[in-house]
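Structure, as C-alpha cells:
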Amino acid sequence: MEKLKQIYEGKAKKLYETADPDLLIQEFKDDATAFDATKRGTIVNKGVINNMLSEKIFVLLTKKGVPTHFVKRLNDRDMLVKRVEIVPIEVTIRNIVAGGMAKLLGLEEGIVLKEPVLEYHYKEDKLHDPLINDYHIRALNIATEKELDTIKKYSFMVNEALKFFFDSKGLILVDFKLEFGRCKKKIILADEVSPDTCRLWDKTTKEKLDKDRFRRDLGNVEEAYQEVLRRVME
Ligand code: 5GP
C-alpha cells in the first residue's frame with residue numbers, strides 16, 4: 001500500500017490517501033508539542049515507538065471488543081487505518097488526579113480516584129480544547145445521543161483493558177485521551193494510544209514514563225518512551 005496525496009498534517013501525525021478510498025496511511029512523526037503547541041520539540045524515535053505501541057494496543061482492544069481504525073502496521077512509522085470522520089471530542093479518562101484535573105479543581109497530583117472520571121473536551125484548537133459536557137455536545141450537534149453512549153461505553157472498556165494490561169507491565173495508567181470516528185455510520189476508536197496520549201507511572205517508583213517528561217522538562221524523554229516500549233513488548 002503506497003502513500004498518495006497527503007490530506008492532513010497534525011502535531012504528531014500525517015495522513016495520506018491510498019489507492020483504496022476507504023483506507024489511509026497514518027504516519028507517526030517525532031515532533032512533540034505541548035501547552036497548545038507553544039512548546040515544540042522532537043523526541044528521537046517517538047514516531048517509531050508510538051507506531052509500535054499503538055499497534056499492540058489496538059490489537060489488544062479489538063480482542064476486548066472495542067472496534068478501532070487499525071488495519072495493519074506497514075513499516076517503522078506507517079500504519080494502515082480505516083478512513084473515518086473524526087468526532088471532534090477528546091475523551092479523557094482519569095484513574096488518578098494529574099495534569100488538567102489537578103489544575104482545574106486545585107487537587108494534589110497522585111490522588112487515587114474512587115471511580116474513573118470521564119471528561120469531554122471540544123477538539124477545537126482555536127478555543128484551546130475547552131472542557132464540555134453532554135449538553136454542550138447535543139447543543140453543538142457534534143454527536144448523537146446514541147453515538148455518545150457508544151463512545152462512553154468504549155472509553156470505559158478501554159480503561160478496564162489498559163489498566164489491567166499496563167499493570168501487568170509494572171505501569172500505572174493514570175489517565176489517557178481517546179478520539180473516535182465514524183466509519184460506515186459506526187463509531188470506532190481512531191487516532192493513537194501511546195505515551196503521548198496516556199500518563200504512565202512506574203508502579204514502584206512512581207516515575208513518570210510519558211509525555212509529561214517533555215512537557216515539564218524532566219529529561220530522559222526518549223529513554224522513558226523506550227522503556228514503555230520495552231515493557232509492553234516483553
Ligand atoms: P490533561 O487534561 O490532564 O492535560 O490530559 C489528560 C490526559 O489526556 C493525558 O494523558 C494527556 O496526555 C492526554 N491528552 C489530553 N489532551 C491531549 C492532547 O491534545 N494531545 C495529546 N497528545 N494528549 C492529550
Side-chain angles (χ1 to χ4, degrees), residues 8-15 26-43 46-47 49-51 53-54 57-58 61 79 86-113 116-133 136 151-152 154-156 158-159 161-163 165-167 171-181 189-202 206-218 221 224-225 228 232:
Y8 171 82
E9 175 156 16
K11 293 165 210 148
K13 294 185 295 295
K14 291 183 190 174
L15 283 175
Q26 169 163 276
E27 179 191 319
F28 289 77
K29 305 192 289 181
D30 286 349
D31 299 344
T33 63
F35 312 119
D36 257 342
T38 52
K39 183 180 171 79
R40 286 169 185 274
T42 55
I43 301 171
K46 174 171 82 77
I49 295 171
N50 285 356
N51 190 20
L53 284 171
S54 288
I57 291 169
F58 282 140
L61 292 176
M79 173 184 280
I86 288 286
V87 178
I89 300 171
E90 296 190 346
V91 183
T92 303
I93 298 229
R94 303 176 186 277
N95 297 306
I96 294 183
V97 174
M101 184 171 177
K103 196 164 168 219
L104 181 75
L105 301 177
L107 296 173
E108 199 78 39
E109 194 162 275
I111 297 171
V112 178
L113 294 160
V117 170
L118 176 139
E119 276 173 17
Y120 302 118
H121 289 256
Y122 184 28
K123 189 173 151 67
E124 185 56 83
D125 280 342
K126 60 178 188 292
L127 300 174
H128 316 290
D129 298 346
L131 182 67
I132 54 171
N133 62 31
H136 296 118
I151 286 172
K152 204 192 289 187
Y154 288 160
S155 298
F156 283 118
V158 170
N159 190 40
L162 294 190
K163 250 193 325 194
F165 173 70
F166 283 121
D167 181 77
L171 295 164
I172 302 171
L173 179 63
V174 173
D175 58 29
F176 58 93
K177 182 260 300 182
L178 303 175
E179 293 184 25
F180 292 87
L189 182 63
D191 194 47
E192 68 179 297
V193 182
S194 72
D196 269 13
T197 60
C198 302
R199 283 196 174 93
L200 297 166
W201 294 353
D202 181 87
K206 305 287 186 319
E207 190 189 3
K208 296 184 197 316
L209 295 170
D210 55 60
K211 198 172 157 191
D212 271 351
R213 300 205 73 83
F214 168 77
R215 294 189 186 101
R216 303 180 190 185
D217 295 318
L218 300 176
V221 188
Y225 279 67
V228 172
V232 163

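As the structure lists them, so they are numbered: ligands from 1, and atoms in each ligand from 1. Values below: every heavy atom of this structure, side chains too, minus hydrogens, waters and symmetry copies.
Checked against side chain to side chain contact (heavy atoms under 4.5 Å, CB included), E207 has the following partners two or more places apart in sequence or in another chain: D202, T205, L209, R213. With sequence neighbours excluded, the residues that form a side chain to side chain contact (heavy atoms under 4.5 Å, CB included) with L131 are L104, E119, H121. R40 meets the side-chain hydrogen bond (donor to acceptor under 3.5 Å, both in side chains) test with no other residue; sequence neighbours excluded.
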If you look at each N/O of ligand 1, which protein N/O atoms lie under 3.5 Å away, and at what distance?
| residue | atom | partner | partner atom | Å |
| --- | --- | --- | --- | --- |
| ligand 1 | 2 (O) | R94 | NH2 | 2.7 |
| ligand 1 | 3 (O) | R94 | NH1 | 3.1 |
| ligand 1 | 3 (O) | R94 | NH2 | 3.3 |
| ligand 1 | 3 (O) | G100 | N | 2.6 |
| ligand 1 | 3 (O) | R199 | NH1 | 2.9 |
| ligand 1 | 10 (O) | D175 | OD1 | 2.6 |
| ligand 1 | 10 (O) | T197 | O | 3.4 |
| ligand 1 | 10 (O) | R199 | N | 3.3 |
| ligand 1 | 12 (O) | D196 | O | 3.4 |
| ligand 1 | 12 (O) | R215 | NH2 | 2.9 |
| ligand 1 | 22 (N) | D196 | O | 3.0 |
| ligand 1 | 23 (N) | D196 | O | 3.3 |

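Using a 3.5 Å distance cut-off with no hydrogens or angles, the side chains of Y225 and D196 do pair a donor with an acceptor.
Residues F58 and V193 meet the side-chain proximity criterion, which asks for heavy atoms closer than 4.5 Å. Looking only at side-chain heavy atoms (C-beta outward), K14 and K29 come within less than 4.5 Å of each other.
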